Amino acid sequence: MKNATLFRRPTLAIAKARNEDLGRALNKDGGLSSILTREEREDLPVGPESNFSLAMGAGSNVKTRTEGALRLQYTTCPAFSDEQVDQIIFILKAGLGLFAFGSPTHIIAGEMTRLHEAFDLPGTLMLDIGYTAIIVNVYCGPTHILHHTQGFGLNKTNDIHHVIECVVDAKTKAQDIDMLRMLQAVDNLVNRANDFSHWEWQLAFYVFPMALSIAVFSGSWLTLATTASICAIRLAFSLCIKALGHCCDGFSEFYERFESRIRAIHVTILLPFWTGLLTALIGEKIFNMELSMLPGVYLAIMLFYLPALELINGGSEMINGMHVGVTRLFMGILETMYMGCSLFLGWTCATSSPMPTSWPSPGGLPWWLTDNGLFAIPLLAASMILFGVQKKASSFVAGMVAIKCTLLAGDILAELLPMAFWGSMQYPFFQTPISMIIACAVASTCDLLIGETYQAVLIPILVIRAPNVPALLSLMSGLQSLHQLEAEDELSNDAVKALIKTSYGLFTLLMNAASFSIGIQVSMAFWQPFLKAKWARRAAAAGLSWTKSDRKTFF
């Protein structure tokens with residue numbers, strides 16, 4: 001048997017293809033040809049190392065996030081053997097890995113609890129997952145507080161889920177597991193190079209807003225030109241910073257310190273401010289665009305940064321009893337307010353014209369270029385690269401087709417439901433859950449058929465649907481009318497409408513979070529058993545070699 005294979009007797013074609021890809025990825029940087037001992041693992045971090053923007057640690061003291069520091073805490077705790085300590089570290093690594101690459105907290109808690117039960121560790125697993133920390137305690141052992149941040153890497157999330165399923169399957173069959181090997185497997189999965197290079201990711205990052213301006217916001221060629229100009233300015237700025245770092249000694253260190261100081265306000269204040277400023281300067285002053293079309297520019301630039309997943313994951317976590325959902329919802333609301341205020345401030349610094357705060361008017365391009373045409377292809381491809389799907393043609397094509405079919409189904413529903421039902425179905429808040437039920441059905445079917453995680457289809461849909469764009473526009477509309485409200489002795493009808501529209505923004509945010517998450521939870525309650533059965537079959541088909549005496553047949 002070759003070292004790169006994951007299994008002895010493959011019984012499922014999907015499992016075979018996925019496991020071979022996983023095995024090659026694990027062996028790319030040394031693989032598992034030599035398993036590290038506990039002593040050699042002492043200085044290894046518990047959580048994932050930095051990967052693009054996906055950094056994770058465990059406090060400011062470097063020693064507190066190493067495996068050796070965790071093992072040291074158990075030296076005075078005779079209730080746990082070395083093997084059980086390895087199992088606890090594996091649970092922590094799996095949980096932190098899932099969080100780092102985009103899993104909601106209720107899914108992470110469920111997987112960590114499953115591992116605890118599969119390992120048959122003493123007592124119960126005391127687990128509290130917060131917005132920035134995971135607190136874990138097993139029986140009478142020490143309490144671990146591990147800090148984390150969340151990013152995206154759906155391909156790695158899928159692989160970590162697969163390894164967890166393999167471990168649970170092996171323990172269910174009472175097989176012996178070499179935990180040092182499994183710890184090294186998770187390390188290799190989490191810290192391996194991304195499927196897409198840095199330059200591929202950067203290309204997708206700049207293509208995404210340009211494709212959005214046409215495919216989602218139905219802009220014109222001038223809308224695309226303005227969006228491309230702003231992207232070019234951002235790219236030129238980053239290249240200048242890199243060039244100065246090569247030419248001037250000490251500049252890179254100076255800029256890193258400066259960037260660390262402004263990191264907290266970069267996305268929520270600085271980026272929206274410059275977006276509003278450049279949209280007014282380039283769109284209105286240079287290209288003389290109609291004001292009603294300019295929202296398609298600044299919304300396309302900002303859509304990737306708007307906290308859509310914060311809101312939807314927050315709603316899902318609250319439904320599943322995770323208190324961190326409240327924090328996530330509140331953070332999403334505040335981030336949207338910061339961005340709206342900064343966008344408006346940037347616009348007013350560049351022009352005296354009123355800021356357009358309604359959905360952008362159509363640009364007049366033919367249908368075969370807009371939402372159902374050519375520009376939808378780079379949009380879907382860029383979204384899948386940005387969220388870290390598997391770099392395979394089958395995953396790309398199937399994912400793009402699934403996303404497009406789901407978006408089309410949502411548009412058809414918006415037209416048919418008001419005609420089929422009276423009353424509430426004319427409102428988007430009641431159409432959205434049904435649209436999300438369809439989205440989850442398509443995403444789950446894609447998962448069952450080709451093995452790509454359902455989140456690879458679902459998350460781009462959630463971002464493209466932009467659940468917080470109406471709230472952002474309502475907020476800026478209120479800011480636009482604020483000076484009129486203060487100047488008038490009596491409130492006019494327009495002023496009352498502005499007040500209602502501004503307050504409607506908060507209501508829209510919360511209702512969209514609720515309607516999206518309700519649709520997802522209702523649909524996944526039906527599909528989850530099928531997905532779990534598929535994951536279990538894949539784990540059984542893997543037939544992994546777990547014993548220490550047969551290491552070469554593992555991965």
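Both backbone and side-chain heavy atoms feed into the values below; hydrogens, waters and symmetry mates do not. What you are looking at is a predicted structure, and each value in this text was computed from that prediction instead of being measured.
Judged by distance alone, with hydrogens and angles left aside, the side-chain atoms of S444 form no donor-acceptor pair with the main-chain N or O of A441 at under 3.5 Å. At least one donor-acceptor pair closer than 3.5 Å links the side chain of T348 to the backbone N or O of L345. The main-chain N or O of F101 is found under 3.5 Å from a side-chain atom of T157 such that the two form a donor-acceptor pair. With hydrogens and angles ignored, the 3.5 Å screen pairs a side-chain donor or acceptor of S523 with a backbone N or O of I437. The backbone N or O of M322 lies less than 3.5 Å from no partner atom in the side chain of E317, so there is not a single donor-acceptor pair. S316 contributes no side-chain N or O that, together with a main-chain N or O of N313, makes up a donor-acceptor pair within less than 3.5 Å.
Between F205 and W201, the two ring planes are parallel [angle under 30°; tilted spans 30° to 60°]. Ring pair F251/Y255 is parallel by interplanar angle, where below 30° counts as parallel and above 60° as perpendicular. Using a 30° and 60° split on the angle between ring planes, F304 and F387 fall in the tilted class, from 30° to 60°.
L448 CG to L531 CG: the interatomic distance, rounded to the nearest 0.5 Å, is 5.0 Å. One distance of note links CZ of R328 with CE of M318; it measures 12.5 Å at 0.5 Å rounding. Here CD of E310 is found 12.5 Å from CG of L509. Values are rounded to the nearest 0.5 Å. Interatomic distance, CD1 of I164 versus CG of L98, reported as 5.0 Å (0.5 Å rounding). A distance of 7.5 Å separates CE in M355 from CZ in F344, rounded to the nearest 0.5 Å. Distance CD1/I520 to SG/C440: 5.0 Å, rounded to 0.5 Å.
Residues L294 and W347 have side chains in contact (heavy-atom distance under 4.5 Å, counting atoms from C-beta outward). Side-chain contact check for C349 versus F273: some heavy-atom pair is nearer than 4.5 Å. The shortest distance between side-chain heavy atoms of M436 and V522 does not fall below 4.5 Å. Using a 4.5 Å heavy-atom cutoff, the side chains of L271 and S342 are not in contact. Proximity of W527 to T445: side-chain heavy atoms (C-beta onward) are separated by under 4.5 Å at one or more points. For the pair S361 and M293, the minimum side-chain heavy-atom distance is below 4.5 Å. Counting heavy atoms from C-beta on, the side chains of V216 and L299 never come closer than 4.5 Å. The side-chain heavy atoms of V190 and K93, taken from C-beta on, include no pair separated by under 4.5 Å.
Atom CZ of F330 has 12 or fewer heavy atoms from other residues, nucleotides or ligands within 6.0 Å. Heavy-atom contacts from other residues, nucleotides or ligands closer than 6.0 Å to NZ of K285 number more than 12. Atom CH2 of W274 is surrounded by 12 or fewer heavy atoms from other residues, nucleotides or ligands within 6.0 Å. Within 6.0 Å of CD in E290 there are 12 or fewer heavy atoms belonging to other residues, nucleotides or ligands.
Smallest separation of non-hydrogen atoms from L222 and M289: O-SD, 3.6 Å. Summarising the geometry of S517 relative to I319, their closest heavy-atom pair is OG-CD1, 3.9 Å, with the distance given to 0.1 Å. Residues A94 and I160 approach most closely at O-CG2, 4.1 Å, considering heavy atoms. Closest approach of P272 and I269 over heavy atoms only: CD-O, 3.3 Å. Heavy-atom minimum distance, V469 versus L303: CG2-CD1, 3.9 Å. The two atoms that bring T357 and Y298 nearest to each other are CA-OH, 4.0 Å, heavy atoms only.
The side chain to side chain donor-acceptor pair (under 3.5 Å) pairs that include a residue from residues 224-237 are R234-Y305, where partners are two or more places apart or lie in different chains.
Side-chain contact annotation: S353 with E284, donor-acceptor N/O pair under 3.5 Å present.
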**OP:** Would you check, one step at a time, whether the test side chain to side chain contact (heavy atoms under 4.5 Å, CB included) holds for L475 with M339?
**Re:** CA-CA 10 Å; L475 173 66; M339 290 180 179; over 6 Å; no

Subject >> Check against side chain to side chain contact (heavy atoms under 4.5 Å, CB included), S103 and H161 >> reply: CA-CA 10 Å; S103 290; H161 276 298; 4.0 Å; yes

Original post:
Which is it for T223 and S218 under the side chain to side chain contact (heavy atoms under 4.5 Å, CB included) test, yes or no, and what are the steps along the way?
Top reply: CA-CA 9 Å; T223 307; S218 302; over 6 Å; no

Subject >> Chi angles and distances behind the side chain to side chain contact (heavy atoms under 4.5 Å, CB included) call for L343, L472 >> reply: CA-CA 10 Å; L343 267 171; L472 182 71; 4.1 Å; yes

